[in-house]
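In what follows, a single structure is set out as structure tokens and then discussed.
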Amino acid sequence: MFIQTEPMPDVSKLKFIPGREVYVSGTIEFANRDEATASPLAQRLFGFPGVAAIAFGYDYIIITKAVGDWQHLKPALLGTIMEHFMSNAPVMRAARRTPGGEDGKTDAFVDEIMTSLREVIDPELGYNIVDLGLIYEVVVGADGATTVAMTTTTPGCPATNYLKQGVQDRAGAVEGVKRVQVELTYEPRWEPEMMSPGAKQHLGIY
Amino acid sequence: MMPGVTLSRWTMSYFFAALSALIAGEVLMLAGFGYPAASLRAPETLVLVHVIAIGWLSLLMCGALFQFAPVLIARRLYSDTLPLPALLLLIAGLGLLLSGFLQLSGRLPDLPSLLPAAGIVLSAGFMLVLWNLGCTLWPARPLPLPARFVTTGLISLALTVALGVIFALALGQQTNSEPMLAIAGAALPLHAAVGIGGWLTLTAIGVSYRLLAMFMLAPELEGTRPKLVLALAGAALTIVVAAGLGAILNGASLSIPLFAGSILGLASLALYGADILHLYRARKRRTIELNSRMAIHALASFAAAIGLASGLAILGRLEDGIGVVVFVLVFGWLSGLGLAKLYKIVAFLTWLECYGPVLGKMAAPRVQDLVVETRARKWFRVYFLSVWSGTLTLLIGLPTAFRVTAALMLIATIGIVSELVRIRLLSDVAARSGGPAAVPRPHLLFSRPSSI
């Protein structure tokens, strides 16, 4: 894989062209890490100090830097983008859906499931698994069948089956959820950068 | 999808037996039994050394591996039943071995010698351990790096046991084979080097790469340097064993293979030190738990042991001071790391057993809610201070003062064990909630894995 870079008129921006589709539905911009929860790639790129904003187009990524020198930042960003695509990790997570698929109801219903999932903690880190970034996706079908994609902080964690069962129980306890399927995935691998600011503060990560 | 690793049923039993042996070993040192009151090759010293090497460290390592080797490769343990007969064989074999050494010292009637039977029973126990772990690791090839360290450690265990059996047969006068008698006469340094350096240290290094990264939220090391650590250590062990045995069988001196192995081993350990420094510096979790802080003390002891050995070698006094070096390695590095990690592992396994099944059904405490670090910290401090003081008394040659430091080690160990018992009985969770624990207390000596 070869990633081209292209300077932009605004010197704080740099265009990366990975030679494959990035975001086929138009363009999307993330002004900060919190806005990038739907994109594992953008979340990883925001992990580098100095990255201020990220935009995806059909076959490109534009990164805006706040501080630093491209000479130092570019190799690390290139490496991360290459590693992400080579591992076949998704650029965007699948869209969330709810029964009936009515706009506006979608996020509220998923939020309700997420709130319920917050009662499950990772025993080692001692914080809820939603804010730790261990829940990758919640998909609710028209019949209320719910699929939760989750990960653990480390593959082979002895708590894995208990965490899965806890997620199954908490998601199933939400009114309107009929059946729950919990899928365990390690693509992408969990990183501390995936935690919410609150979780980071709790664990003393800055 | 990756299968979840389950709770190892007998790991707690191994830990209980191991801690009992550690306390027994410290009582022996306090009583002035074995080194330094006796010479390094005296039967009394052999009793002490094997109580610690097999009873404490090997049982600790085996128990930990039954739980964590599967974690390293994200697979289940091959058999959760075999560890129990293995443990019983190891305990029985150790008992026979110690009785055999006491026969050599004249403290027990010497006919018939129990050493050959000890060799058979101990090797049967270790073979069960190796079979179980080998069958767990084999299907996971190509193995991740920490598991390759463990595999090298297990091969070293097999070699250590094989040499031990030869010693037992020769000392028990059950062989007339000249090569075996030659090995029994001269291979003690190889037995010790492969046992402490290969089995115990390499396995601890492999597990530490993964556990330290996991507990401190540090990026896992996968580059060239850790691979070089393993390659150099593997080369060192190969030279020590192959060239060492070749030298013995040809009547040559062991000094060249041991020297070459030491140089390679030192290079490997220097790179490992750099890796661990990197892990601590790159950790995301700035405030680390007591087990990781105490692991620093163990690593410092490791560095001190290497420095001491190098210094003594330069002065041409290594042979005189080898007992002191082994003391720091065994009690500062291996036992210090073992106790520090036990403090975490016992809490983690107890949490899994008690609160894993109710996760999502009730408010569960954190693993850290099972421990009171401020209370345990003082015992760890006393432990390491007494080990370091004991090292000084051995260096200076003060056997009575050494017994005082052994008493302090014993007190500290009992303090740490009492903390582990409190963790296991959920005493501090109950104290924090102001009532009894919300879940049934687990058994002290074994786990009851749930059916999930």
Side-chain angles (χ1 to χ4, degrees), chain A residues 47 83 113 116-130 132-133 148-174 180-187 189-195 199-206, chain B residues 1-8 11 67-77 140 144 147 210-211 213-220 283-289 344-345 347-370 449-452:
Chain A
E83 189 187 312
I113 296 173
S116 184
L117 293 182
R118 280 194 171 85
E119 290 177 36
V120 180
I121 63 162
D122 178 278
E124 165 51 21
L125 296 179
Y127 210 74
N128 77 73
I129 58 172
V130 173
L132 287 175
V148 180
M150 66 171 292
T151 192
T152 57
T153 53
T154 184
C157 168
T160 303
N161 289 341
Y162 298 126
L163 288 167
K164 279 179 70 180
Q165 188 60 47
V167 167
Q168 177 108 25
D169 290 345
R170 290 319 309 159
V174 175
V180 182
Q181 187 182 350
V182 182
E183 291 176 356
L184 190 65
T185 178
Y186 291 94
E187 288 297 338
R189 282 280 291 268
W190 179 83
E191 294 174 12
E193 284 72 24
M194 292 176 178
M195 286 190 257
K200 284 182 180 172
Q201 193 177 6
H202 175 79
L203 291 166
I205 297 171
Y206 302 101
Chain B
M1 185 186 289
M2 265 178 211
V5 170
T6 52
L7 198 57
S8 160
T11 286
Q67 183 63 58
F68 287 101
V71 173
L72 299 181
I73 53 171
R75 280 174 179 266
R76 285 174 189 264
L77 185 67
R210 184 70 190 272
L211 288 191
M214 207 163 97
F215 293 150
M216 297 194 300
L217 294 183
E220 281 184 30
R283 72 183 193 274
K284 297 282 183 188
R285 209 171 184 173
R286 303 318 297 172
T287 312
I288 53 176
E289 295 169 356
K344 178 73 188 183
I345 293 169
F348 188 54
L349 299 187
T350 302
W351 188 98
L352 283 178
E353 186 178 348
C354 298
Y355 296 100
V358 298
L359 198 58
K361 298 179 179 69
M362 59 169 271
R366 304 166 306 149
V367 173
Q368 276 303 88
D369 292 330
L370 274 64
S450 79
S451 56
I452 290 179

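All chains are named by letter (A, B, ...) in the order of the sequence lines, taking the proteins before the strands, and each is independently numbered beginning at 1.
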Do the side chains of A/E124 and B/K344 get close enough for a salt bridge, i.e. N-O under 4.0 angstrom? yes
Which answer fits B/R283, side chain, backbone, both or neither, if we ask what part of it has an atom under 4.5 Å from a heavy atom of chain A? neither
Do A/D122 and B/R366 have side chains that approach each other closer than 4.5 Å (heavy atoms only, starting at C-beta)? no
What part of B/F68 gets closer than 4.5 Å to chain A, counting heavy atoms only: side chain, backbone, both or neither? neither
For A/Y162 and B/L352, work out which heavy atoms get closest and say how close. CE1-O, 3.6 Å
Minimum side-chain heavy-atom gap A/P158-B/L7 below 4.5 Å: no
Heavy-atom cut-off 4.5 Å, strictly under: side chain, backbone, both or neither for A/R189 against chain B? side chain
So does B/G360 get a backbone contact from the side chain of A/R170, meaning a donor-acceptor N/O pair under 3.5 Å? yes
Under 4.5 Å to a heavy atom of chain B? For A/L125 that would be both
Taking atom CG of A/L203 and atom OG1 of B/T287, what is their separation to the nearest 0.5 Å? 9.5 Å
Quick one: NZ on B/K361 to CG on A/D169, what's the gap to the nearest 0.5 Å? 4.0 Å
Between B/A74 and A/P155, which heavy-atom pair has the shortest distance, and what is it? CB-C, 4.3 Å
Enter the distance from A/T153:OG1 to B/F215:CZ here, rounded to the nearest 0.5 Å. 10.0 Å
So what's closer than 4.5 Å to chain A heavy atoms on B/P219: side chain, backbone, both or neither? neither
Nearest 0.5 angstrom please: A/T154 OG1 to B/L217 CG, how far? 10.5 Å
Please classify the contact of A/P123 with chain B as side chain, backbone, both or neither, using a heavy-atom distance under 4.5 Å. both
